Amino acid sequence: MTSFSLLPAPAMRQMRTWLFVGTILAPGLAVTQLCGTARAAEDETASLEALERQMAHIQEEQKALQKTLVVMQKQIAAHRAALTHGGSGAATRSAMDSSSHRTLTARNAASGASAGHKGWSPETGPDTDTGGPGIETAMNTTPHRTGHHATGPDAQPVFSGANDRPDVEAVIGHRAEDMVSRIAENSVGPHARETVGAQAAGALGDHGVFHMGPVTLILGGFLDASAVVANRHTASGTFNYWQAMPYPNESRYHTNNFEGSARYSRISLMARGNVDAHSTISGFFEMDFGAGAATTDAYESNSYAFRLRQAYLAYDNSDLNFHFLAGQAWSMLTPGRIGIVPRQESLPETIESSMLAGQTWARQLQFRFVKDFLQHRLWLGLSIENSATLYDTTGFNNADGTVTLPNGKIATISSNGTGLTNDAPFSNEIAPDVIGKVAWDPHWGHYEAVGILHFPHDRVASLGQGHNNTAIAGGGGGSMVLPIIPHKVEMRLAGLAGIGIGRYGSVLLPDATLKTNGDIAPIPSIQATGGIIAHPTPRVDVYGFFGYQEAGRRYSNYGSGAYGYGNPNYSNAGCETELSTLGCTANTRSVMEATVGAWYRFFKGHYGTVEAGAQLAYSRRDAWKGQGGGPDTSMSQIFLDFRYLPFQ
């Protein structure tokens, strides 16, 4: 206080004023500073809480997406298993549709999770929202929602740009590669790929899938080790050539025989590219070693030759519902399982590579035109196919297709192959075979009606003159597949009858013979099969089949000579006695076969499928009666087979 008293009175009054002001303002400034600090802390806390809420939201979205991914993976696995074991029918597709809807619902529940995520659609390529059309198409939620566009598990993938390359799962995981898009469900469904019926028709692989730009390559086939034990020696292996079944006059009738081979191992390759959202081009190759080259023997190398089974191109347009095929494939006369679709032929599950007596089939060049209607339930097909005539010239002198007639003239029915063809008869043909088919796929079963026109042709000549003969042959028939228990038990029935069409049956009965003047005489024939096939478990297939094929008589006599097929004047007197020197013409009247068998799959996974089969078969051959009666013969067989399918 003493020091302050030295100041002048005015200064003292001013100092007291500022001290008073400071005393008043200091607490306020402190309070303001404290409030600012508190507000900053509150703002920071609020920001942190907001971030935590966003993080929690993102984590919830991630959990929802992970759950959706797990559901989708389960759907893929379930659908694959269903396709494998016959589950491509209504039940499977319905389950896929409902589960896909649940997946989409769960996915959409994760609000904002799909924003900005790029998906892929078979129709539109990359999609901006995987919860939208892209994922909906991929998961088959609305199979027909886009008019004629290919959708659903059988949808053809479309590459909308050079950089749009879906992965294998997107392309293969939800459809069978061996089906055209959008086939109507008939409770029969396509072949499960590992079944022997599908293997015979040319099923493709699931694993051997490669992408080369816009072209997809798919591998198929299997390694096969098969054997047969029979009570007759026919020297045909697992390919039954029933016309070679011996009568008792031959020593091979009286001995058992074992024969095995890997010659029916098979490999296939399919290349396919998508032209646009509606149309696809594909090419299919299938080969085995069933051919016998001139150097083939069974003593040292067993060197069977590479053989062409199928090689064709196909064009499918799902906008016009039009399908075209050109090349060597199963004849359209072959019964089918669904629509008129290549690689969906209805073929028996038998081990024998000739399949079944009475089975209608051929693999030959064709130009096939198919149109489907009524949402793919009604199919109309026209096929122009390579023709051939299998002649019987019993009673005539036949020198490599040059037949000497009893009136001294010469009939030319065939010539042995030259150039790049093999030294075997190639018949003289004037026109291709014309085959028409109607197929109907209601909600239960598959039904077909089929007809064929064939034009056998020959040349009859004498010195300096001659003329050509053309006959009109053909026939008709049908087939059906009845799903008694869909995808578990089915019945198959098929038949064909007509004249001049015997070669289309597995027994290879003749199409025609000659009259004594050289005119062509088509031979009437019938062929029919029936069977029951069951799939009691995913690992087991069981089957039973019956087949029958018959050829009628066409014969003539000239003087004391007997000619033609089934002539009652032929001698059969020596057919029942071993090494008899008496005659045994024995033209085949009919062949029947009854067989049962089963297949068991040991392993199935990403490494492929290993399966084994066993089959019991009984066949009987009856001959037309001649002098000495009508002989018959029979054969019992046990077939065994092991197969590894690396791509299925």
Side-chain angles (χ1 to χ4, degrees), residues 243 247 387-415 425-431 452-463 465-475 497-505 507-527 549-575 582-591 621-632:
Q243 298 249 52
Y247 290 104
S387 59
T389 304
L390 187 59
Y391 285 95
D392 179 88
T393 56
T394 304
F396 296 95
N397 179 19
N398 182 1
D400 296 331
T402 301
V403 180
T404 301
L405 303 174
N407 60 11
K409 294 184 179 181
I410 300 297
T412 302
I413 59 174
S414 66
S415 298
F426 284 77
S427 57
N428 181 11
E429 301 295 330
I430 194 173
I452 178 175
L453 283 175
H454 174 55
F455 308 95
H457 182 75
D458 75 347
R459 169 83 177 172
V460 176
S462 58
L463 184 62
Q465 60 181 349
H467 65 278
N468 298 330
N469 297 313
T470 301
I472 298 178
I499 59 172
I501 55 174
R503 78 172 179 96
Y504 282 101
V507 179
L508 289 174
L509 293 176
D511 296 315
T513 186
L514 296 177
K515 300 178 181 179
T516 55
N517 63 356
D519 286 347
I520 298 168
I523 297 173
S525 66
I526 59 172
Q527 53 205 49
Q549 189 168 347
E550 179 178 321
R553 281 175 157 170
R554 282 290 186 268
Y555 61 88
S556 58
N557 299 297
Y558 191 92
S560 60
Y563 304 91
Y565 193 77
N567 197 314
N569 292 327
Y570 291 151
S571 174
N572 292 333
C575 292
L582 300 177
C584 184
T585 304
N587 288 148
T588 300
R589 175 183 179 180
S590 66
V591 171
R621 176 189 177 197
D622 291 299
W624 281 108
K625 288 184 178 180
Q627 301 300 312
D632 62 75

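These numbers come from a predicted model, not from an experiment. The chain is numbered in sequence order, starting from 1.
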**Q.** Arg554 side chain near Pro522 side chain, heavy-atom distance below 4.5 Å
**A.** no
Q) Is the closest side-chain donor-acceptor distance between Asn469 and Asp458 under 3.5 Å? A) yes
Pairs under 3.5 angstrom only: tabulate donor-acceptor contacts from the side chains of residues 401-412 to other protein residues two or more places apart or in another chain.
from: Asn407; atom 1: OD1; to: Lys409; atom 2: N; distance (Å): 3.0

Q) CZ/Arg459 to NE2/His467 distance, rounded to the nearest 0.5 angstrom? A) 8.0 Å
Q) Between NE2 of His454 and CD1 of Ile501, what distance do you get to the nearest 0.5 Å? A) 9.5 Å
Q) Rounded to the nearest 0.5 Å, how far apart are CD of Glu550 and CH2 of Trp624? A) 6.0 Å
(Q) What's the separation between atom CD1 in Ile526 and atom CD1 in Ile499, rounded to the nearest 0.5 Å? (A) 14.5 Å
(Q) Test of understanding: with ring-ring contact (aromatic ring centres under 6.0 Å, His included), list the residues that count as partners of Tyr563, not counting sequence neighbours. (A) Phe396
Q. What heavy-atom pair brings Ala586 and Tyr247 nearest, and what distance separates the two atoms?
A. CB-CE1, 3.6 Å
Q. Do Ile452 and Tyr504 come close enough that some side-chain heavy atom pair is under 4.5 Å?
A. yes
**Q.** Atom of Ile523, atom of Gly552 and distance for their closest heavy-atom approach
**A.** CG2-O, 3.4 Å
**Q.** Distance (rounded to the nearest 0.5 Å) between Leu453 CG and Ser387 OG
**A.** 12.0 Å
Q. Which atom pair, heavy atoms only, marks the closest approach of Leu508 to Arg503?
A. CD2-O, 3.6 Å
Q. Backbone N or O of Gly502 within a donor-acceptor pair of the Gln549 side chain at under 3.5 Å?
A. yes
Q) Regarding Glu429 and Thr389, is there a side-chain donor-to-acceptor distance under 3.5 Å anywhere? A) yes
(Q) Give me the atom names and distance for the closest heavy-atom approach of Ala562 to Asn567. (A) CB-ND2, 3.5 Å
Q | Side-chain heavy-atom pair Asp511, Leu390 within 4.5 angstrom cut-off | A | yes
Q) What is the minimum heavy-atom distance between Pro510 and Tyr565, and which atoms define it? A) CG-CE1, 3.6 Å
Q: Give a yes or no on this: more than 12 heavy atoms of other residues, nucleotides or ligands lie within 6.0 Å of atom CG of Leu582.
A: yes
Q. Does the side chain of Ser415 come within less than 4.5 Å of Asn428's, by heavy atoms?
A. no
Q: Search all heavy atoms of Thr394 against all heavy atoms of Asp392 and return the closest pair with its distance.
A: OG1-OD2, 2.8 Å
Q. Does Val460 reach the side chain of Asn517, with side-chain heavy atoms less than 4.5 Å apart?
A. no
**Q.** Heavy-atom side-chain contact between Ile520 and Pro456 under 4.5 Å
**A.** yes
Q: Drop me the distance from Lys625's NZ to Arg589's CZ, to the nearest 0.5 angstrom.
A: 8.0 Å
